[in-house]
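One structure is given below, encoded as structure tokens.
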Amino acid sequence: MSDNIDTTEKLEMAKTYDSSLVEGKWYSYWEKKGFFHTEVNKEKQAFSIVMPPPNVTGALHLGHAMDGAIQDILTRFKRMQGYNTLWLPGTDHAGIATQAKVEEQLVKEGTSRKELGREKFIERVWEWKAQYGGRITQQLRRLGASCDWERERFTMDEGCSKSVREAFVDLYHKGLIYRGNYIINWCPKCHTTISDIEVEHVDREGNLYHLRYPVKDSKESLIVATTRPETMLGDTAVAVHPDDERYAHLIGKTLILPLMDREIPIIADDYVDREFGTGAVKITPAHDPNDFEIGLRHHLPQIVVLDKEAKMNENAGKYQGLDRFEARKAVVDDLKAAGVLVKIDPHAHAVGECYRCASVIEPMVSKQWFVKMEPLAKPAIEVVKDGRLQFVPDRFDKIYLGWMENIRDWCISRQLWWGHRIPVWYCEECGAEICSKEDPLTCPTCHTSHLMQDPDVLDTWFSSGLWPFSTLGWPEKTPELKQFYPTSVLVTGRDIIFFWVARMIFLGMEFMNEVPFPKVMIHGLVLDAQGRKMSKSLGNGIDPIEVIEQYGADTLRFMLITGNTPGNDLRFHPERLEATRNFSNKIWNASRYVLMNLEDYEEGPRGELELADRWILSRYASTVEKVTETMENYDLGEAGRLLFEFIWNEFCDWYIELTKPRLYDKEALLARHTAQSVLFEALEGTLRLLHPYMPFLTEEIWQNLPMQGESIMMQTWPEVPAYQDAVAESNMTLLMEAIKAIRNIRAEMKVSPGQKVEIMMLVPDKVQHAVLENGKADILKLAGGASVELFEEMVEKPAQAASAVLEGIEIYLPLKGLMDLDKEIARLEKEISVASLDQEKLEQKLNNSGFTNKAPADVVAKEREKLEGIKARKVALAERLRELKENV
RNA sequence: GGGCGAUUAGCUCAGCGGUAGAGCGCAUCCUUCACACGGAUGAGGUCACUGGUUCGAGACCAGUAUCGCCCACCA
């Protein structure tokens with residue numbers, strides 16, 4: 001036990017649970033005791049999860065909180081089940097985001113990245129990381145995350161960097177990484193390329209400009225339609241469909257490109273859609289992905305007309321220096337003046353925007369590094385198809401496969417400074433390209449030392465794609481890698497399936513020749529109350545830390561996990577926080593009750609179990625079984641719901657109430673001890689079941705129970721006890737039904753709560769009779785009776801009495817002078833009509849020979865039984881009604 | 001242009017082949033020694049629509065509508 005944490009302190013018996021008083025205490029206790037840490041242990045089966053590394057620049061948001069809660073629940077669950085459990089945390093260097101953050105800071109200081117220079121700048125980023133990078137991991141601790149902080153990793157730490165280097169060099173030598181001039185997505189604001197999935201397509205209102213290009217040496221002309229007239233400056237052809245009769249005679253002819261006075265050919269290509277626009281497309285190979293492809297097919301020149309700022313460059317003639325949107329206006333004006341502009345139609349189309357800064361992306365031909373995807377995608381597709389890797393829920397299989405099957409090469413070079421530098425050097429003397437794990441000193445070809453490293457860094461996702469094994473020591477064959485790879489399950493949001501999950505799968509297959517995880521548990525997004533994504537620009541974000549401070553981490557966790565189904569988005573409703581907090585408080589108070597009555601508890605054999613004891617133990621056993629099963633199936637919401645129901649509706653509402661007479665009777669030693677013992681067992685076991693969901697609350701309570709052991713989190717997961725007792729469950733149901741019926745009459749007849757009434761019950765069935773006879777005391781207490789009298793038969797039924805008719809049982813509350821007879825008559829009539837409806841439906845069903853012939857025999861028998869019950873009940877009700885009417 | 005998800009009580013969501021459920025909200029009552037962040041009782045649903053499969057369908061199939069989200073090179 002740690003010096004500054006006193007866990008022997010007696011439970012503060014406050015009526016309301018105050019999470020803020022206990023959460024910090026327990027977290028540092030767990031961490032100091034080393035409960036989160038795992039060593040390799042070949043004797044035990046492993047369970048491992050790698051945490052999706054949040055950006056170092058980030059602050060915890062509700063998405064992280066949900067993601068973390070799920071992983072922590074699974075981790076705590078498996079740890080208690082006895083697995084050698086590792087939840088490996090870490091953060092991501094997040095190239096663009098981090099660089100931008102530090103650049104912002106530099107601007108405030110009146111300097112800039114360029115002024116500082118590359119080396120100094122990177123130093124500054126590391127300083128920044130040292131200072132602020134721990135925020136998000138501290139926040140994860142607030143959530144209760146039981147990850148192994150001793151193994152915390154960072155995508156740019158030494159080990160991960162070594163993995164990145166290894167992976168790059170290996171892929172390079174296999175020919176799976178190449179450099180070349182291709183069309184890429186350029187962000188003019190971030191000044192870097194971004195990959196295809198980092199481009200967000202947004203529908204925008206724009207125009208379709210129709211331009212007339214004159215045919216050389218002819219009076220004819222060709223009208224093309226374009227949404228981006230300024231790119232005409234880089235046109236190197238116009239394409240028409242090969243079978244388009246309108247233009248067949250023009251194919252092979254030459255056009256004069258207006259404004260530029262350049263000659264460009266008319267070519268034929270299948271790509272052209274005859275229906276769209278005029279059926280003639282201007283081709284700008286350097287600035288459009290399709291045009292680029294067409295350009296390759298027809299060997300067209302590529303004329304880049306934009307620079308890195310998306311301003312027109314020297315190839316744009318007099319437009320040089322204009323921003324692309326200014327250039328558009330200028331070009332359109334000039335085209336209009338030249339009589340080339342035929343018309344402008346409004347036209348909505350998708351514009352690519354930078355996922356980060358929302359600038360319009362410029363497709364551009366540029367020399368970049370790419371990962372060749374086809375060979376890597378193949379095994380990554382197979383493992384999902386043959387089930388070696390499964391998405392939970394499985395509908396995400398299709399989404400993943402659809403993407404993987406249509407994947408294009410991955411542009412991995414970024415024009416940033418913060419990130420993993422591309423391990424390629426160019427010889428300034430002979431032009432040789434050297435890719436190596438060790439920094440080369442001389443050129444292997446010409447042996448000079450004039451080498452220059454490629455200035456670019458790698459896409460952040462390249463390093464996170466190696467995360468499941470780079471964090472375990474790869475490329476070294478470490479014991480950790482051996483025990484914990486493949487990891488057991490990956491938990492992440494559906495928004496990064498392509499960015500991250502897919503990359504881990506194909507990189508895992510390539511380097512480990514094994515899936516990185518057999519299961520991927522995909523959860524939805526946390527939306528605001530209106531169902532919108534939470535975002536900075538909308539200002540609708542909720543800070544999980546504020547929620548934790550107000551309601552407690554347990555409440556936040558439970559709320560985020562329950563109330564929806566796996567894979568679906570969750571709307572954030574503050575009212576649900578209150579409801580969940582009330583649940584925490586309910587558990588707290590139920591435990592208070594148990595603890596208050598456990599002061600003199602000593603272990604020892606129980607006396608005879610009462611019905612309620614057998615019932616709650618049976619219900620507890622069934623809860624252990626179902627909770628375990630649903631958790632094994634990753635259905636955490638359902639398991640949470642089961643716990644909620646058991647704790648509140650069964651343990652609190654019924655069992656606790658039923659133990660009171662025994663607990664408050666200090667004379668009945670054995671009976672009291674028995675109740676104590678059962679209460680204790682059910683509560684303690686339930687706390688263990690609940691611990692993964694509500695680690696702090698359960699620890700606080702558990703530490704106050706007369707238990708040996710350092711922490712609930714290190715206890716074993718409950719086995720299903722052999723307490724199942726169908727008889728007890730059905731007898732208890734009968735008793736509860738009777739009590740509820742009496743309560744109902746009292747409420748309906750407006751009998752004041754203080755008013756004790758005589759209760760008479762007609763119970764001909766011997767078994768039922770015995771059950772209710774034994775339950776007399778409970779009925780008195782829970783239904784507010786002055787006396788309970790049971791009859792096997794009743795010659796004369798009480799006249800002025802309200803009644804309830806259950807199946808086989810009639811209950812009478814003589815309320816002479818207290819009741820409104822008309823009201824009671826009306827009540828009975830209503831019940832009879834409801835019963836008649838039920839009877840009618842059942843009879844219809846049973847008269848249907850299709851049903852009786854084809855439905856399973858037990859279903860038919862059950863329906864018959866039901867009908868008999870209803871009939872008998874109806875007879876009793878009618879009888880009762882008749883008697884009452886006679887008395888009016 | 002494809003794909004996915006949602007459509008069930010006023011609200012938020014479970015249920016996924018055998019007579020509709022929870023939480024919140026609402027109504028009435030209750031400050032009894034676990035809890036008013038509570039207890040008791042109750043009201044409230046032709047399970048979006050149309051067909052089909054089945055003895056039987058919120059539940060399975062086909063389609064329609066509305067909303068949301070992904071993906072996509074029609075300039």
Side-chain angles (χ1 to χ4, degrees), chain A residues 13 15-17 197 201 208-209 224-228 231 239 271-273 275-284 288-294 347 349-350 363 393 395-396 398-399 402-403 406 494-495 497-498 524-525 527 529 531-533 551 562-565 567-573 575-576 578-597 637-638 641 644-645 648-649 652-653 656-657 660 664 740 743-748 750-754 782-784 837-838 841-842 845 848-856 859-860 862-863 866 870:
Chain A
M13 290 287 190
K15 280 189 175 184
T16 47
Y17 172 64
I197 44 175
H201 296 272
L208 191 58
Y209 301 85
V224 299
T226 179
T227 53
R228 300 200 54 196
T231 61
Y271 159 76
V272 179
D273 178 354
E275 308 298 316
F276 190 88
T278 61
V281 195
K282 60 189 261 329
I283 302 299
T284 321
D288 181 279
N290 300 307
D291 294 7
F292 178 79
E293 296 294 330
I294 294 174
H347 176 67
H349 62 124
R395 67 182 132 96
F396 289 103
K398 270 175 77 178
I399 293 171
W403 186 74
N406 296 298
R494 55 146 228 263
D495 50 332
I497 293 176
F498 305 145
L525 274 34
L527 307 175
R532 301 171 304 180
K533 266 190 198 174
Y551 294 97
T562 54
N564 79 339
T565 21
N568 285 350
D569 292 346
L570 179 85
R571 288 195 194 193
F572 183 89
H573 279 95
E575 309 88 77
R576 288 200 56 230
E578 283 187 32
T580 311
R581 180 260 264 130
N582 294 351
F583 176 51
S584 307
N585 196 239
K586 189 74 180 177
I587 300 162
W588 174 253
N589 275 291
S591 305
R592 263 182 77 219
Y593 167 81
V594 176
L595 283 162
M596 282 163 55
N597 290 294
E638 175 65 7
R641 216 202 85 237
F644 181 96
E645 283 183 355
W648 203 314
N649 303 337
C652 292
D653 285 352
I656 282 186
E657 294 309 317
K660 283 179 179 176
Y664 293 151
K740 280 196 267 191
R743 283 170 170 172
N744 172 269
I745 299 173
R746 295 183 58 119
E748 297 268 309
K750 303 228 184 288
V751 178
S752 71
L782 296 184
L837 265 175
D838 288 348
K841 269 193 229 160
L842 273 171
K845 200 169 183 181
N848 178 351
S849 59
F851 174 71
T852 45
N853 291 338
K854 295 193 183 176
V859 173
V860 178
K862 226 166 106 187
E863 299 294 296
K866 238 188 267 174
I870 287 171

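Below, chain A is the first sequence line, B the second, and so on; all start at residue 1.
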Would you say [X] reaches [N]'s phosphate, i.e. side-chain N/O to OP1/OP2 under 4.0 Å?
X	N	answer
A:R576	B:C13	no
A:K866	B:U19	yes
A:N582	B:C35	no

Under 3.5 Å for both donor-acceptor distances, Watson-Crick or wobble: does [N] have a partner, and if so which one?
N	result
B:C37	none
B:A65	B:U7
B:A14	none
B:G1	B:C71
B:C47	none
B:G42	B:C26
B:U54	none

Quiz item: How close do A:P289 and A:P363 get, heavy atom to heavy atom, and via which atoms?
Solution: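 Closest heavy-atom pair between A:P289 and A:P363: CD-CB, 4.0 Å.
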Self-check item: Shortest non-hydrogen contact between A:Y17 and A:N585, atoms and distance
Solution: N-ND2, 2.8 Å
Quiz item: Which nucleotides of nucleotides 68-75 of chain B have their base under 4.0 Å from a protein heavy atom (B), which only their sugar-phosphate (S), and which neither (-), written as one string 5' to 3'?
Solution: -SSS-BBB
Using a heavy-atom cut-off of 4.0 Å across all strands, would you classify [X] as base, sugar-phosphate, or nothing?
X	answer
A:R395	sugar-phosphate
A:D653	sugar-phosphate
A:K15	sugar-phosphate
A:D838	base
A:K398	sugar-phosphate
A:T852	nothing
A:D291	nothing

I'd like the [atom1] distance from [M] over to [N], given in whole Å.
N	M	atom1	result
B:A27	B:U7	C1'	29 Å
B:C60	B:A43	P	30 Å
B:G63	B:G5	P	14 Å
B:A59	B:A9	P	15 Å
B:A57	B:A48	P	15 Å
B:C61	B:U53	C1'	7 Å

Check every atom of [options] against the side chain of [X] and return the nucleotide holding the closest atom.
X	options	result
A:K841	B:U19, B:A6, B:C24	B:U19
A:K586	B:A14, B:C55, B:C35	B:C35
A:H573	B:C24, B:G42, B:U12	B:U12

Backbone N/O of [Y] and side chain of [X]: donor-acceptor pair under 3.5 Å:
X	Y	answer
A:R743	A:L782	yes
A:R746	A:G784	yes
A:D288	A:D291	yes

Quiz item: Atom CZ of A:R641 and atom P of B:G21: how far apart are they, to the nearest Å?
Solution: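 In whole Å, B:G21 P lies 13 Å from A:R641 CZ.
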Quiz prompt | Whole angstrom value for the distance that separates P of B:C35 from OH of A:Y593 | solution = 11 Å
Practice problem: Calculate, to the nearest 0.5 Å, the distance between atoms CG and CZ belonging to A:N564 and A:R571 respectively. | Solution: 11.5 Å
Quiz prompt | Presence of salt bridge, A:D569 and A:R494, under 4.0 angstrom | solution = yes
Quiz item: Would you say the side chains of A:T284 and A:K282 form a donor-acceptor pair under 3.5 Å?
Solution: yes
Exercise. Would you mind telling me which residue lines up with the more 5' stretch of RNA chain B, A:N589 or A:F644, judged by nearest nucleotide?
Key: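 The residue mapped nearer the 5' terminus is A:F644.
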